[in-house]
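To find a chain, count down the sequence lines: A is the first, B the second, and so on, and within it residues start at 1.
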Amino acid sequence: MPELPEVETIKNELLPCVGATVIHVDLIDSKVVSGINVEKFCRMVEGQMVKNIERRGKYLIFLLSNSYSLAIHFRMTGSLLLGSGNIDRYSRARFRLSSGEYLTLRDPRRFGTMKLVKVIGELTGKLGPEPLDESFTPEVLERSLSRHRIPIKAALLDQNIIAGIGNMYADESLFAAHIHPLRKADLLSHEEVQSLCSSIKEILQQAISNKGASVDTYIRPGGQIGMAQFKFNVAHRYGKACRVCGTSIQRIMVRSRGTYFCPECQPSQPSIQRSLM
DNA sequence: CTTGGGACCTGGCTGC
DNA sequence: TGCAGCCAGGTCCCAA
């Protein structure tokens with residue numbers, strides 16, 4: 001599923017499209033466009049130049065020359081391919097560019113959406129901080145978590161608390177910080193929040209260097225897969241041996257989301273030593 | 001206000 | 001082999 005590292009990779013690999021003009025839009029499945037009339041959407045995108053491509057949280061954002069922003073959210077199975085424009089039964093929209101190439105949005109489960117907004121803040125205004133920004137510090141995270149009496153796993157998935165983290169990287173970050181997913185967000189120690197903050201940054205950064213994780217249908221714009229899934233310690237490793245201690249990785253449901261963790265490395269209660277520190 | 005749960009969607013898996 | 005039924009997951013929406 002495209003989370004922050006996957007969307008960041010898509011953005012990086014689409015940067016060559018900056019400067020191209022959208023010649024034509026084929027809306028193969030009009031349901032992918034939300035919040036605006038389909039004809040109006042096409043009319044307002046066609047003829048516009050792509051001035052820049054950005055990412056905010058899990059949104060991929062095309063800044064157009066008419067000052068509107070085209071934002072794509074991939075949800076679980078969306079992907080964006082840059083190439084000759086071949087379509088299949090899962091293709092939802094296709095953009096013909098002045099470079100001669102096509103950008104094709106593919107999304108088997110049809111959860112993904114495209115929106116056209118004048119002010120990007122309309123979509124991203126409520127999102128929490130970008131975890132890779134320097135301004136995302138343990139203090140910022142601690143202040144935010146202290147207001148939520150929910151499992152830390154649920155807090156990491158809340159885009160209003162931190163932007164861009166999804167199910168896979170929430171589990172990986174908690175493993176790296178030795179924190180059990182059901183610990184209450186507001187009861188983590190100062191040291192644990194510090195560890196979690198740096199774990200999140202490391203996990204996301206490493207996943208970006210590996211071009212994202214190709215579980216399910218995620219594929220890069222050029223058709224290659226990402227490699228981050230091979231570095232996973234817990235996500236999608238139910239029953240396998242923990243790479244650190246050998247214990248079987250467990251899977252529980254947290255807020256009806258499958259959650260993987262190591263019961264040995266991530267104890268449900270903080271150790272006495274740690275709480276006395 | 002906060003928290004929790006269902007709906008959305010469909011390919012792929014399970015089990016009869 | 002065939003098929004019904006369920007699950008996955010991000011976000012929105014509604015209820016408590």
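Here the side chain of A/Arg149 is nearest to one of C/dA8, B/dT3, B/dC9, namely B/dT3. Ranking B/dG11, B/dG4, C/dG9 by closeness to the A/Pro151 side chain, first place goes to B/dG4. Considering only the side chain of A/Arg109, C/dA8 comes nearest among C/dA8, C/dC12, B/dA7. The side chain of A/Asn167 has C/dG9 as its nearest neighbour among C/dG9, B/dG11, B/dC9. Each of C/dG9, C/dG10, B/dT10 was ranked by its minimum atom distance to the side chain of A/Arg110; first place goes to B/dT10.
No donor-acceptor contact under 3.5 angstrom links the side chains of A/Thr9 and A/Asn12, judged on distance only. Side chains of A/Gln159 and A/Tyr59: a donor-acceptor N/O pair is absent below 3.5 angstrom, by distance only.
At C/dG10, none of the side-chain N or O atoms of A/His73 fall inside 4.0 Å of OP1 or OP2 (strictly under the cut-off). For the pair A/Tyr90 and B/dT10, the criterion of a side-chain N or O lying under 4.0 Å from OP1 or OP2 is not met. At C/dT11, one or more side-chain N or O atoms of A/Gln159 fall inside 4.0 Å of OP1 or OP2 (strictly under the cut-off). The phosphate of C/dT11 (OP1 or OP2) has a side-chain N or O of A/Lys58 nearer than 4.0 angstrom.
Put simply, CZ on A/Arg106 is 19 Å from P on B/dC9, counting in whole angstrom units. Distance A/Arg56 CZ to C/dT11 P: 12 Å, rounded to the nearest Å. Per the geometry, CZ belonging to A/Arg92 stands 14 Å off C1' belonging to B/dC8, to the nearest Å. As rounded to whole Å, 13 Å separates atom P of B/dG11 from atom CE of A/Met76. Note: CG (A/Leu4) to P (C/dG10) measures 13 Å, nearest angstrom. With rounding to whole Å, A/Arg251 atom CZ is found 5 Å from C/dA8 atom P. Regarding A/Tyr218, its OH atom lies at a distance of 17 Å from the C1' atom of C/dG9, rounded to whole Å. A straight line from CG of A/Asp158 to P of B/dC1 spans 14 Å, rounded to a whole angstrom.
A/Lys231 has no carboxylate O lying under 4.0 Å from a charged side-chain N of A/Glu172, or vice versa, which leaves the two without a salt bridge. Classification of A/Glu192 and A/Arg183 as a salt-bridged pair holds, one side-chain N sitting under 4.0 Å from a carboxylate O. We find that A/Asp171 and A/Lys153 are joined by a salt bridge, their nearest charged nitrogen and carboxylate oxygen being less than 4.0 Å apart.
If you find the closest nucleotide of DNA chain C to A/Thr77 and to A/Lys115, the one lying nearer the 5' end belongs to A/Thr77. Both A/Arg257 and A/His148 lie near DNA chain B, and the one whose nearest nucleotide falls closer to the 5' end is A/His148.
No hydrogens or angles were tested; on distance alone, nothing pairs the side chain of A/Arg75 with the base of B/dT10 as donor and acceptor under 3.5 Å. Looking at A/Arg255, its side chain has no donor and acceptor atom pair within 3.5 Å of the base of B/dG5.
Heavy atoms of A/Met253 sit under 4.0 angstrom from primed sugar atoms or phosphate atoms, though from no base atom. No engagement by A/Lys126 is indicated, since no non-hydrogen atom pair under 4.0 Å with the nucleic acid exists.
No more than 12 heavy atoms of other residues, nucleotides or ligands shown are found within 6.0 angstrom of NZ on A/Lys40.
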